Each structure stands twice: as structure tokens, then as C-alpha cells.
Asker: 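Got a structure here, written out as C-alpha cells. Questions coming.
Each chain gets a letter, A, B and so on, in the order its sequence line appears, and its residues count up from 1. In this text, all values refer to a predicted model and were calculated from it rather than measured experimentally.
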Amino acid sequence: MQKTLFDKIWDAHVVTTAEGGQEVLYIDRHFIHEVTSPQAFAGLRARSLPVFRPAQTIATADHNVPTKNQHLPIEEPLSRSQVEKLTENCTEFGVELYGLGHPYQGIVHVIGPELGITQPGQTIVCGDSHTSTHGAFGNIAFGIGTSQVEQVLATQCLLLKKPKRMRITVDGRLAPGVLSKDIILYIIAQLSAAGGTGYFVEYAGSAIRALSMEARMTICNMSIEMGARGGLIAPDETTFDYLRGRAFAPQGAAFEAAVEQWRELYSDPGASFDQEYQFRAEDIAPMLTYGTNPGMGIRISEVIPTAPTPGDSVASFSKSLEYMGFDPGESMLGKPVRYVFIGSCTNSRIEDLRLVAQFVQGKQKAAGVSAMIVPGSQQVAKQAQAEGLDKIFAAAGFDFREPGCSACLGMNEDKVPAGEYCVSTSNRNFEGRQGPGARTILASPLTAAAAAVAGEIVDVRNWGIEN
Amino acid sequence: MEKFTTIRSTAVPLPNEDVDTDQIIPARFLKATTRDGFGDNLFRDWRYHPDGATRTDFVLNNPLYTGQILVAGKNFGCGSSREHAAWALGDFGFRVVVSSFFADIFKGNALNNGLLPVQVSPDFLHDIFTAIEIDPKSGFTVNLENQTFTINASGKTETFPIDPFRKTCLINGYDDLDFLLSLRGEIEAFEQRA
């Protein structure tokens, strides 16, 4: 029988089926961080349980950490105590921790892939909805709640209802200045913030195949923003080339043997999906969000809609525009911007930083703009320094920080003030996401960099971009 | 986990759609290392002004509306996987959330914490909002055993879906971990053959 890639991986991980049809799924890799794990460890303690398979869990500190002076103790007492708690828990339960100061520390969804811990064919979970990022390698990766973190720590398993399958095919070639971030913002705008709920998405098509691993991660990362539990892309030579030689990937002959197995990871021709969508890369332009969920997106050349998409209420639509300070029917081009954030698990990898550096080299950020670049990991930061990108950023007036989740969710000091617009490469434009009252406009790293240089929203395609 | 029995209560209406978990509990309040006390910051930025003053126009600050049932617009609980959202709703005193559509991760988190997500049709959701609009003290009955939600004044009833295993867990106060721990032998056997 023809099987989808998702079914192949899922079925290979089912331990048993429970009464009522839910399945017990075995989890290969578990990532944890300081915010959603303390109550899970407390639960283990309360039941006097050990971590069942400690070697399969990896910890890092990312959500709360400052992006300046990481060599000093964390100033904010609650953040400090949460990060210290993670260290205590990892020590007590024997879990490997890449904490502050460790050369492997970074955003959990950046470090897993760059260390080669994330591999094709696995099941991967983390107490973070953007765990879908790892699916770019052809695995089943999804976010879970803290009770489930506890279950994985205690049993390496989860009890789950199998999601439905969706395939989204994007064929064709992207125009210069259009990035993978624009592809996923475009898809979410077409399907809405709830359009993928109940599904696991496979991304396919020539436009997806042509993307680098890092660009694929950006796509899979935002699967949750249309409600899908996760997204995945069948592994290919691009995937294998990326993984070859990574610290925790198999080495030598073992790697080649693994590649032979990974080559079996694709959806069989004729395999059936519960839902299919097809898009043309040529229809995609630099994208912007105008509202307070990631489904409220437009091509930069379009105007803000005058009515909600069918099925959404006028009240919610109006409330959203009021929060953002935008009028229906207006263009966002030329809107002044004083904050730009380049970072997050969506767009903080070395290729993102290279693109931004290439664009800003020889340019200056506009007066009065605060432009922050937060690398995804210590390794990304080190690589950027080795390539001299940090000097380019400094010369252009951009603030190059230390790794962490930072202003994507503003758990640390990196916040956008109330009422201010921030063009952000992150993944959520919810009310107050980047700080109480902050107004987030999601965009690609190039569009964000261009906004910082212009001091307003501009179409980066008019700035001589060559892909 | 507390056992779930039949609930008879008034309800709090929140007709907003796409209520995300950042609204339910903003990230800056996720720094605790226990499960308690999140109710104080439930819908923090909708309940309070930045200076801490109460926003009198928000429904949770209106003494007319009380109860163990929250009724919300579609796609409730989208966004972050933070279980703190379910803890905050429970800590505030809610036992049931009604909507025409729930985000996946939130729904799972709610069920793992004895907070029942009741999914009803858009038309029935509208009927519930109307009943509360006519009389803020309208009573509702949630019967988990029969999987029914009833508008007491009109007697209108709709059944709601729930996985049979989850239902048994809620009624008996079991959680998934009890079940998974009982499978230790099977899990080890799986590891051997994988």
C-alpha cells in the first residue's frame, strides 16, 4: 500500500494502540528548555520516578536568557531562578545541558539541527510549539505541553491521536528578493491561522526542493502558525550534505549506511493525503503581516483588506486593525518603523545573517531606528564573527547580540515599547508578543533589514537584490 | 487530577476569535517553576492597563459574568504550546471552555489538567452567546458522561466529541502518565525490536 512519508515514520514508532484508538508513540529525541520543563521534573520527583532514557533528552537555556553580558549572572531574579532550576534538574536527573556559557548553547530549534542531533526518520518533541522546525530533515517533530514533557521524561512515549495528512506543493521559481519566509507567510495567509489544525503537513514541489536546509527550517518552523501540529520535507541530497560531519550525526561508514536508510523516506507515488494545496512560487512576493495573527498577511504590493476573510468575524478583524493602528484598504509601504528584530528560531541562522550582512554592507540604518540582530546559537555567533559579519553589522549601526529567543517573545529585557511598530523576522504577531502594546509586523530578514535602513516599510525588490 | 463530574454553572462570554495563548497568559508570566498561581495573570493585558489599573470594559472584570464555564470564539488557544494557559484558566476557576474550534496543543493540555474543552457547532455557540446576552445569569449544564452541553433556559442541547480514553481519564481523575507507566514492558520490547 502506498504510504505518505508521515505515515511511514509514524507507523514505525507505534508501540501499541490504546482502547479508543489513540496510539502510544515512541519518541527518539526530546529537547527541553528552562520555561516548560521545571513542573515536569517536579512531577517526576513527586512520583519518585527517574528519567527513563536520559541520553535521549538534550537541554538548553534559551527563552529567558539575556542577549548581553551572558558571562555575568542573570540580573532578573525570576529568569535567573528558572535557568538555575534547569541546571539543578539536569544535574539531578542526568540530562545533558548546553547551558549559558556552553559552546553549544542556543535556541533549541537552532542547536538540534546544527549539532546533527536532528536526523531524518526520527520522532522529536519539545515543550515548544516551534519544534516543527526539525521536520525540515524529514522527521515527525512537534510541540507538546509540560504534562507531556513529564510523560516523555518518564516513559519516552506519548499517547496521541494520529493527525490527518496534508500536502502543500509549491512549484516554480522564487523571484529575487523573495525568501522562504515569504513562502510560508504566503501559505499561512492563504490557509488562515487555523487552516492546518488537525493536520501534519508535508511540503513538496520544486520550489521547496530548491531551498537550502536553513530555508526549509524556516518553512517547517511556522507550520504551527496555521494550526498544523508540524510540517516535514522529504530528505534529499541537500539534507544529507548538511548533516555530513555534524557533531552528533553518524560518522564515516555509519553515515553512509544511515543515508541509505534515509533515502527510503519519501511519500510513495499515489499515496493519499486528506487535504492537498498547490501554489506557484511566481505568485509569491515579499510578505508582511498587518494584523494580530500570522494568517493576516499580504504581499507587500497589496493593500490591507477591507473585510475579514470569510468565516471570521468583523469584530475580531476590526479589533486587530485597531490594535495595529492600521486602516482597512491602506498600503503598508512607507509606514515609519523604529524597531527591527532579526532573530528567533525562524530566522537566526548563519544564512539569514549572511543575507542581512550582504544587504546592509555599505549602508546605514536610518536615524532613530533600533535594529537588533540576535544569532540563534553560540555556533552561529562564532561563525558570523569568523566571517566578519559582526563588523558589517556594527558599521551599519545594527546591534549584534548574544544568542537566545530574545524579542520574539520578550521574556528577557529585549522588548518593543507599547505602540511602536517592529518589523520582525520572528513567527508571531500576537498582541503584546514582543512586549505589552507592541505592534509586530512579520517579514523576511531582507524586508526587515531594508526597513531598518529606510526607517520605513519598503519593497526590498526595489533595492537591487539578486538571488 | 481532580475527577470531572457534571457541571452546572453560569458562563463568561468571550466572543473573540483566535484567542492565542499569549493573551491567555503572556510570556513574561511564565517564569514560575510550579503550576500554581497563574490565575492572577490570566488574560493579564486584557484585564489590566499597563499601570495595573483594571480595564473595566473586559468581561472578567464585569461582576455580571461569573461561573466555571468560559465561552469563546473559534480557534481558541492557538499559538504557543505553553501548558501555563490551561493552568491559568483552571487556577482562575474555569472547569470548561466552550468554542466552535480549539487549537490542537491547547486541547491536549486542557485535557491533561482536568479542564474540559467542549466543541460545539458555530450555530450552537451563537445560541449560547445569545442566551448569556439575554440573561447574564443563564445556567448551563455540562454532562461529560452523556457528552452533552445544555442551555438550561431553553433546554437546547448539543452533544460534543471526546476521545473515549480521555473521557474515562477525566471521569476517574487518571492521567496519561499512569497509563504509559503501566506499559513499561511493551516500551522496552519496542526498543529491542526498533
Side-chain angles (χ1 to χ4, degrees), chain A residues 12 15-16 18-22 24 26 35-36 38-39 42-43 47 49 52 63-64 78-79 81-82 85 127-129 143-148 150-151 154-159 161 163 193-194 197-198 224 227 229 292-293 312-313 315-316 319 409-411 418 428 430-433 436-437, chain B residues 1 15-23 26-35 44-46 50 73-75 78-87 101-106 108-113 122 163-168 175-177 179-181 183-184 186-187 189-191 194:
Chain A
V15 174
T16 187
E19 210 183 305
Q22 291 196 99
V24 176
Y26 189 82
V35 178
T36 58
Q39 294 86 353
R47 295 189 195 224
L49 291 169
F52 180 53
H63 280 64
N64 257 314
L78 287 174
S79 296
S81 105
Q82 210 171 41
K85 193 58 151 180
D128 188 284
S129 60
I144 56 176
T146 297
S147 295
Q148 292 172 308
E150 185 180 338
Q151 291 158 22
T155 69
Q156 209 59 38
C157 287
L158 288 171
L159 183 62
K161 180 169 178 265
T197 306
I224 183 73
R229 200 66 190 268
T292 55
N293 73 57
D312 283 357
S313 78
S316 290
K319 180 176 182 292
L409 82 168
M411 272 196 86
R428 291 195 170 127
F430 297 150
E431 281 185 33
R433 173 80 176 178
Chain B
M1 206 165 68
N16 307 47
E17 293 164 358
D18 301 313
V19 173
D20 59 76
T21 53
D22 273 82
Q23 306 317 313
R28 62 188 191 280
F29 301 111
L30 305 184
K31 298 185 186 189
T33 52
T34 67
R35 290 175 181 237
R44 174 77 197 197
D45 295 331
W46 287 353
K74 74 176 162 74
N75 199 23
C78 61
S80 153
S81 61
R82 61 189 70 164
E83 193 162 314
H84 311 66
W87 299 337
F101 192 84
F102 290 94
D104 278 339
I105 305 181
F106 174 80
N109 288 341
L111 287 164
N112 278 328
N113 287 279
D163 176 84
F165 181 87
R166 299 277 165 199
K167 181 173 159 180
T168 310
D175 60 27
D176 287 4
L177 186 50
F179 173 70
L180 291 171
L181 285 168
L183 297 177
R184 177 74 177 252
E186 283 174 75
I187 295 168
F190 175 87
E191 287 177 322

Asker: Side-chain contact, heavy-atom cut-off 4.5 Å: Asp20(B) with Arg433(A)?
Answerer: no
Asker: Apply side-chain contact (heavy atoms from CB on, under 4.5 Å) to residues Phe430(A) and Thr21(B) and explain how you reach the verdict.
Answerer: CA-CA 9 Å; Phe430(A) 297 150; Thr21(B) 53; 5.7 Å; no
Asker: Does any backbone or side-chain atom of Thr34(B) lie under 4.5 Å from a heavy atom of chain A? Answer side chain, backbone, both or neither.
Answerer: backbone
Asker: Could you tell me which portion of Leu49(A) (side chain, backbone, both or neither) has an atom closer than 4.5 angstrom to a non-hydrogen atom of chain B?
Answerer: side chain
Asker: So what's closer than 4.5 Å to chain A heavy atoms on Glu186(B): side chain, backbone, both or neither?
Answerer: both
Asker: Name the region of Lys319(A), side chain, backbone, both or neither, that has any atom closer than 4.5 Å to a heavy atom of chain B.
Answerer: side chain
Asker: Indicate the atoms forming the closest heavy-atom contact of Val15(A) with Cys157(A), along with that distance.
Answerer: CG2-SG, 4.0 Å
Asker: State the OG1-CG distance between Thr36(A) and Leu30(B), to the nearest 0.5 angstrom.
Answerer: 9.5 Å
Asker: With a 4.5 angstrom heavy-atom cut-off, is it the side chain or the backbone of Ser129(A) that approaches chain B, or both, or neither?
Answerer: both
Asker: Find the one option among Gly432(A), Gly227(A), Ser79(A), Gly410(A) whose heavy-atom pairs under 4.5 Å with chain B are most numerous.
Answerer: Ser79(A)
Asker: I'd like to check Glu150(A) versus Arg47(A) (side-chain heavy atoms, cut-off strictly below 4.5 Å). Are they in contact?
Answerer: yes
Asker: Does any backbone or side-chain atom of Gln151(A) lie under 4.5 Å from a heavy atom of chain B? Answer side chain, backbone, both or neither.
Answerer: both
Asker: Go through the atoms of Phe102(B) and report whether side chain, backbone, both or neither lie under 4.5 Å from a heavy atom of chain A.
Answerer: backbone
Asker: Counting only non-hydrogen atoms closer than 4.5 Å, does Arg44(B) touch chain A with its backbone (N, CA, C, O), its side chain (CB onward), both, or neither?
Answerer: neither
Asker: Distance alone, cut at 3.5 Å: any donor-acceptor contact between the side chains of Glu83(B) and Asn113(B)?
Answerer: yes
Asker: So for Asn16(B), is it side chain, backbone, both, or neither that comes closer than 4.5 Å to the heavy atoms of chain A?
Answerer: both
Asker: Which region of Ala194(B), side chain (C-beta onward) or backbone (N, CA, C, O), has a non-hydrogen atom less than 4.5 Å from a non-hydrogen atom of chain A, or is it both or neither?
Answerer: neither
Asker: Closer than 3.5 angstrom, by distance alone: can the side chain of Gln23(B) be matched with the main-chain N or O of Glu431(A) as a donor-acceptor pair?
Answerer: yes
Asker: Let me know if Val24(A) has heavy atoms under 4.5 Å from chain B in its side chain, its backbone, both or neither.
Answerer: side chain
Asker: Please classify the contact between Asn112(B) and chain A as side chain, backbone, both or neither, with a heavy-atom cut-off of under 4.5 Å.
Answerer: both
Asker: Closest approach of His63(A) and Asp128(A), non-hydrogen atoms and distance?
Answerer: NE2-OD2, 2.9 Å
Asker: Relative to chain B, which segment of Arg428(A) carries a heavy atom at a distance below 4.5 Å: side chain, backbone, both, or neither?
Answerer: side chain
Asker: So, Glu17(B) side chain and Asp312(A) main chain: donor-acceptor pair closer than 3.5 Å or not?
Answerer: no
Asker: Ignoring hydrogens and angles, tell me if any N or O in the side chain of Lys85(A) forms a donor-acceptor pair with the backbone of Ala32(B) under 3.5 Å.
Answerer: no
Asker: Going from CD1 on Ile105(B) to CZ on Arg82(B), what distance comes out if it is rounded to the nearest 0.5 angstrom?
Answerer: 11.5 Å
Asker: Go through the atoms of Phe101(B) and report whether side chain, backbone, both or neither lie under 4.5 Å from a heavy atom of chain A.
Answerer: side chain
Asker: Pick one of side chain, backbone, both or neither for Ala418(A), based on which atoms fall under 4.5 Å of a heavy atom in chain B.
Answerer: neither
Asker: Given that the side chain runs from C-beta out, which part of Leu409(A) has a heavy atom under 4.5 Å from chain B: side chain, backbone, both or neither?
Answerer: both
Asker: Please state whether the side chain, the backbone, both or neither of Asp104(B) comes within less than 4.5 Å of a heavy atom of chain A.
Answerer: both
Asker: Given heavy-atom pairs under 4.5 angstrom as the criterion, report whether the side chain, backbone, both or neither of Lys74(B) touches chain A.
Answerer: side chain
Asker: For Ala194(A), is it the side chain, the backbone, both or neither that has a heavy atom under 4.5 Å from a heavy atom of chain B?
Answerer: both
Asker: Does any N or O in the side chain of Ser81(B) come within less than 3.5 Å of the main-chain N or O of Gly145(A), such that one atom is a donor and the other an acceptor?
Answerer: no
